[in-house]
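Please read the structure below before turning to the comments.
Keep in mind it's a predicted model, so treat the numbers as computed, not measured.
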Amino acid sequence: MTTSQLEIYSVSIGENFLLYAPLHEFLALVNGQALEEIRQNLLDPNSPSTFIQTLQSPAALPDASPRAAFDPLFLGIIPTRNCNIDCQYCDFAAPKQSNPVMDVSLARVAIDEFLALKKAAGSDRAEIQFFGGEPFFAPKVVRFAVEYATMRAAELGIQPHFEVTTNGVYGANLSAWIAEHFNSVVLSLDGPQDIQDLHRPGRNGKSAFAQVYNTARVLSESETELILRACITAQTVTRMTEIAQWFCEEFSPAMVCFETLVPSGLSESKGLLSPDPWEFARQFHLASQYLDTQGVPAVHATTELHTCRTSFCPLGKDALIVTPEGHIDACYLLESRWQQAGLDLRLGAVQGGKMLLFKQTLEEVRQLGVHKRPLCADCFCRYHCAGGCYVDHDTNRSPGAYDPLCIETRIITITKLLKRLGQEDLLAHWLSDRTLQGESVWQASDRLL
């Protein structure tokens, strides 16, 4: 192994340094003298490095293995862009009531073609995810897709896995059906009633809290994996531990996901603002400490350290997301959104009873990744964060020109690494001192060499 093969980063933590090589499964806390000795040892070509010998062999870059066969990550189905509530921060620009609903014949073709691709690739598992708007604003489409896919998968000897992202605003019968048929449900629930009503009211300003609460209760009592996702604003950031406690007291979540508000014209007009990233990171740590005591993982999308990746989301991993109009996209966001970001994420179309894929676009999308995102070039989080959302997070900036998402990501990642090392006292001291945090966050480059 040569030094050119190493991805080694160092981050100052007061008088000490986190030494981190995510692709080599190495993490340590060292003092300044030890760090400099390691650096000089690596730079001297005539000095065999004992440090290098402690590292795991360099792993292949994640998401970069050659594709022997076309094996889509999952099939995404958008039954409709319509929605039945009036979220005050909704960043989907689509009108709520005037969008098309997917024809079940289109869903049938998409499922048949997807399962045929999985069978040809030798896969014995097929994941189908539903997005919106609100998927259950078109319940007939979802019911048909799940029941038809279950039947066809059984005929092919494939195990289906169903997941949906939903607002939970519907009746008890539909909730019970979802609990029976879905493996995973990501339920958008921002907290107790006062928070939910502030962020996610029903139509005409009426509260939709009771329906969401009842849906969460039904799912909690089932075998479905319930993932509670809370959007955090400047108004609710100091209540994150309270939200976590309420979730665990009222429901049985498999995990709790906290994400910060993505500003939109609507959210700003409603007076909802993104939280301060420094405060969000601190409150995330406090909430995660409580959730640890309940055995519930706290999730933050750009700080998942259990894996390394070069793409933040399914984009570039051959996910096929079918729109109500029959387009096949790599992203579930509106076409206008990714076009504004200078991206072409249209992978094909469902036509004539077939999936027609644009091979050139597919290859171009596969090439997108953190290695083409300048902002991330020297950041120690690059193989976990991977630059965040391709559409909403501008990474065409110089390394070190960090924005609020980068700040919260870097702080939360450091807290998780210090916890992994058992450095609870150092972590508490570091989190209490904004100056020390600033020294860690604003490093121009985290690279050891």
Tell me if a side-chain donor or acceptor on [X] pairs with a main-chain N or O of [Y] at a distance below 3.5 Å.
X	Y	answer
Arg373	Gly388	yes
Asp190	Cys231	yes
Arg282	Ile411	no
Asn41	Glu37	no
Glu259	Ala301	yes
Arg410	Cys381	no
Asn183	Phe162	yes
His393	Gly387	yes
Gln129	Gly76	no
Ser264	Ser267	yes

To check you understand the geometry: which heavy-atom pair defines the closest contact between [X] and [Y], and what is its length?
X	Y	answer
Ile158	Ser123	CG1-O, 3.9 Å
Pro22	Tyr383	CG-CD1, 4.2 Å
Pro253	Val296	O-CG2, 3.8 Å
Asn31	Phe17	C-CD1, 4.1 Å
Leu29	Leu18	CD1-N, 4.1 Å

Could you check if a side-chain atom of [X] sits within less than 4.5 angstrom of a side-chain atom of [Y], using non-hydrogen atoms only?
X	Y	value
Gln88	Pro201	yes
Ile227	Glu163	no
Ser311	Tyr390	yes
Asp446	Ser10	no
Thr409	Cys406	no
Phe258	Val299	no
Val146	Phe130	yes
His300	Ser288	no

Discussion item. Can you classify the ring geometry of Phe251 versus Trp246 as parallel (below 30°), tilted (30 to 60°) or perpendicular (above 60°)?
Written reply: perpendicular

Using a distance-only test with no angle check, is there a side-chain donor-acceptor pair under 3.5 angstrom linking [X] and [Y]?
X	Y	result
Glu279	Gln283	yes
Ser175	Thr215	yes
Thr413	His384	no
Tyr89	Arg200	yes
Glu250	Tyr213	yes

Discussion item. Once side-chain hydrogen bond (donor to acceptor under 3.5 Å, both in side chains) is applied, what residue pairs with a partner in residues 431-441 remain, sequence neighbours excluded?
Written reply: Trp430-Ser440

Is [Y] paired with [X] through a side-chain N to carboxylate O contact shorter than 4.0 Å?
X	Y	result
Asp86	Lys270	no
Arg346	Glu335	yes
Lys416	Glu304	yes

Name all residues meeting the side-chain hydrogen bond (donor to acceptor under 3.5 Å, both in side chains) criterion together with [X]; count only those two or more places apart in sequence or in a different chain, and write none if there are none.
X	value
Thr241	none
His327	none
Glu363	Arg366

Item to complete: Determine the sole option in Ile321, Val391, Leu343 for which the side-chain contact (heavy atoms from CB on, under 4.5 Å) test with Leu333 is passed.
Response: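 Going through the options one by one, the only one that passes is Val391.
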
Discussion item. Here's a test for you: under side-chain contact (heavy atoms from CB on, under 4.5 Å), which of Val256, Leu187, Val218, Val186 qualifies with Leu226?
Written reply: Leu187

Discussion item. Applying side chain to side chain contact (heavy atoms under 4.5 Å, CB included), can you list everything that pairs with Ser274, at least two apart in sequence or on another chain?
Written reply: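 Applying side chain to side chain contact (heavy atoms under 4.5 Å, CB included) to Ser274 gives Leu261, Pro263.
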
Discussion item. Would you say the ring centers of Tyr332 and Phe131 fall short of 6.0 Å from each other?
Written reply: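 Judged by ring-centre distance (under 6.0 Å), Tyr332 and Phe131 do meet the cut-off.
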
Worksheet item: Are Phe137 and Tyr170 close enough, and set up right, to give a ring-ring contact (aromatic ring centres under 6.0 Å, His included), and what steps lead you there?
Response: CA-CA 9 Å; Phe137 202 65; Tyr170 30 77; over 10 Å; no

Discussion item. Using the ring pair (Phe, Tyr, Trp, His ring centres under 6.0 Å) criterion, which residues pair with His429? Sequence neighbours excluded.
Written reply: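 Result, ring pair (Phe, Tyr, Trp, His ring centres under 6.0 Å) vs His429: none returned.
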
